[in-house]
Amino acid sequence: MNWKDNFKPEVQTLVKNVERQIQARLMEIDDQVTFNQQKVLDAFQKEKVAEENLNGTTGYGYNDMGRETLERVYADVFKTEDALVRPQFVSGTHTISTSFFGMLRPGDELLYLTGMPYDTIQEVIGITGESGMGSLRDFDIDFDYVALLPSGEVDFEEARRKLTQKVKVVAIQRSRGYSARASFTVAEIQKMVKFIREILPDVTIFVDNCYGEFSEMIEPTEIGVDVMVGSLIKNAGGGIAQTGGYVVGRSDLILKIANRLTNVGAGKEEGATLENMRRMYQGFFMAPEVTGAAIKGAIFESAILEKCNLEVSPKWDDPRTDLIQTINFGEPDSMIKFAKQIQKNSPVDSYVDPEPSEMAGYEDKVIMAAGTFVQGASIEFSADGPIRAPYTLYLQGGLTYSHVKIAITKAVETTFFS
């Protein structure tokens, strides 16, 4: 018996055609997975990861050899001087916020080269939210951004005007967030880095790498980026880490950020890891494979939904630089119905019926379908999006390619073939 036998004949035919169409592209992803897996394996072996490294610490977390070894592993894989990998980071936004407060001082300016950052970062900056209490602006740190061109590309002419001596950190957001533009590839980021260095050779270049780890064969830190951050409940945690974030980059900047995470004097030397180390190690080891599965799922999503006459980005055969697949439904009812099916075909909370609702950090109501083992884990298969035109649903993650195929096929059948 074939898994497709559970679907209507016309849906079975659709899936078979899509599988044939994308087969060569999936093989390319398999090769990429093996390349990235070798990088991680080499780092584990170089740093002599041992059983004793998998046990955590309590209290202050002094002399945590597992934590220190894991941070060397991250630095090796991302080819940086140092790393800060901690369960005390509660989200990607927290990791970014801590980095900004560590690197910037009153009177400095933060410049986003890639347009307005996504909603939760806007609150960190202090341009949205009710009070702005504790935001960058509350600390007299200025902010500006370079609006993207209608094509979604960086406006280098406008950027040249805004890259003044007051700018101390230039931020690049790799993933699209809740915007219509495409995510930026490492090659595109390299072009940005070269441009910035020609104008401000000593400015700090920062990359928000959330959703991007192991989605290509090269990372932004390999092409001149000073600091890069991500979340462990996205790619880098491999679906196993239950919390945490990472920062990799120049050692002097890592120390500044560590001083903000803990306190001056403690820096990187404190921070109990409790029961997290085994999951953080295993998750990072699994990350290339799990990321590859999610990308293959996204390719399947793109191909099958385009055949349903929906606008998709990226296209199934476009280059991939993160986990995110967007689907424009054009109206709210189909978007909500599709998201409900993603929830219904999740391994956890499949009986829950998601509804659009207010959510902290977002200006519009958001629908979220996320039946995940780890709350909010974007490396696990989920769908979400703000209820605003053009009614775009953002699909991301997938611990296994098979799960994504089953869930998407059922959502397609219910939404478009009922």
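Keep in mind that the numbers below use all heavy atoms, side chains included, and drop hydrogens, waters and symmetry copies. Just so you know, residue 1 is the first one in the sequence shown, and it goes up from there.
- Partners of Ser251 under the side-chain contact (heavy atoms from CB on, under 4.5 Å) rule, at least two apart in sequence or in another chain, are Glu81, Asp82.
- Remark: Thr400 pairs with Ser402, His403 by the side-chain contact (heavy atoms from CB on, under 4.5 Å) rule, at least two apart or across chains.
- Taking the side chain to side chain donor-acceptor pair (under 3.5 Å) definition, one finds that Arg160 meets it with nothing, sequence neighbours left out.
- Among residue pairs with one or both ends in residues 409-418, none qualify as salt bridge (Lys or Arg N to Asp or Glu O under 4.0 Å); sequence neighbours excluded.
- Under the side chain to side chain donor-acceptor pair (under 3.5 Å) criterion, Ser334 pairs with Glu331, not counting sequence neighbours.
- Residue pairs satisfying the ring-ring contact (aromatic ring centres under 6.0 Å, His included) criterion with at least one member in residues 204-245, sequence neighbours excluded, are listed as follows: Phe100-Phe206, Phe214-Phe284.
- A search for ring pair (Phe, Tyr, Trp, His ring centres under 6.0 Å) contacts involving Tyr246 returns Tyr74, Phe78, not counting sequence neighbours.
- Considering only residues two or more places apart in sequence or on other chains, Glu71 meets the side-chain contact (heavy atoms from CB on, under 4.5 Å) condition with Arg67, Ala83, Leu84, Val85, Arg86, Lys268.
- Considering only residues two or more places apart in sequence or on other chains, Thr321 meets the side chain to side chain donor-acceptor pair (under 3.5 Å) condition with Arg174, Glu216.
- Legend: ring-ring contact (aromatic ring centres under 6.0 Å, His included) pairs involving residues 317-340, not counting sequence neighbours, sorted by first then second residue: Phe329-Phe338.
- With sequence neighbours excluded, no residue forms a side chain to side chain donor-acceptor pair (under 3.5 Å) with Asp138.
- For the side chain to side chain donor-acceptor pair (under 3.5 Å) condition, the pairs that include at least one residue of residues 275-284, sequence neighbours left out, are Glu51-Arg278, Gln242-Arg279.
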